Amino acid sequence: MSNVAKPRNPEDDWKIWLVVNPATWLMPIFYALLVLAIAVHAVVFSVGLGWQ
Amino acid sequence: MASLSGLTDQQAKEFHEQFKTTYTAFVGLAALAHLFVIAANPWW
């Protein structure tokens, strides 16, 4: 396992799609982003930084 | 040799271009939203 070629990023970033199929995972990625955004907004409002 | 995802190198590169474009637009919109919040109610 140790002689696996290390990627050079960002030029090799595109290779992620050789592992993760966007036809399957693009929407789950978007939903995870939505959950994260809702969580961040919830925290920001809960600490009183939202509009009162 | 098929990839783990089943995409060819060409398809992966093509999709990544669109992914970068969409992600850049998302970051731009988020930055704009943050500027509006800073203008209206800076958090520092």
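The model shown is predicted, which means the values in this text are computed figures rather than measured ones. Within every chain, numbering begins at 1; the chains are lettered A, B, ... in the order of the sequence lines, protein sequences first and strands thereafter. Keep in mind that the numbers below use all heavy atoms, side chains included, and drop hydrogens, waters and symmetry copies.
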Taking C-beta and beyond as the side chain, do [X] and [Y] meet within less than 4.5 Å on heavy atoms?
X	Y	answer
F19(B)	W14(A)	no
I16(A)	S5(B)	no
L18(A)	D9(B)	yes

Report whether [X] and [Y] are members of the same hydrophobic cluster (ILVMFWY, side-chain heavy atoms less than 4.5 Å apart, transitive linking).
X	Y	answer
I29(A)	L7(B)	yes
W25(A)	M27(A)	yes
Y23(B)	L26(A)	no
L35(B)	L29(B)	no

Contacting moiety of V19(A), where chain B heavy atoms sit under 4.5 Å =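 For V19(A), heavy atoms of backbone and side chain both lie under 4.5 Å from chain B.
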ask   = For the candidates V20(A), T24(A), D13(A), which exhibits the highest count of non-hydrogen atom pairs separated by less than 4.5 Å from chain B?
value =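 When all of V20(A), T24(A), D13(A) are compared, D13(A) has the most.
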Can you list, pair by pair, the side-chain donor-acceptor contacts under 3.5 Å of residues 35-48 of chain A, counting residues two or more places apart and other chains?
| residue | atom | partner | partner atom | Å |
| --- | --- | --- | --- | --- |
| H41(A) | ND1 | A37(A) | O | 2.7 |
| S46(A) | OG | A42(A) | O | 3.2 |
| S46(A) | OG | V43(A) | O | 2.7 |

ask   = Once the angle between the rings of H16(B) and W17(A) is folded into 0 to 90°, is it parallel (under 30°), tilted (30 to 60°) or perpendicular (over 60°)?
value =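 Ring orientation of H16(B) relative to W17(A): tilted.
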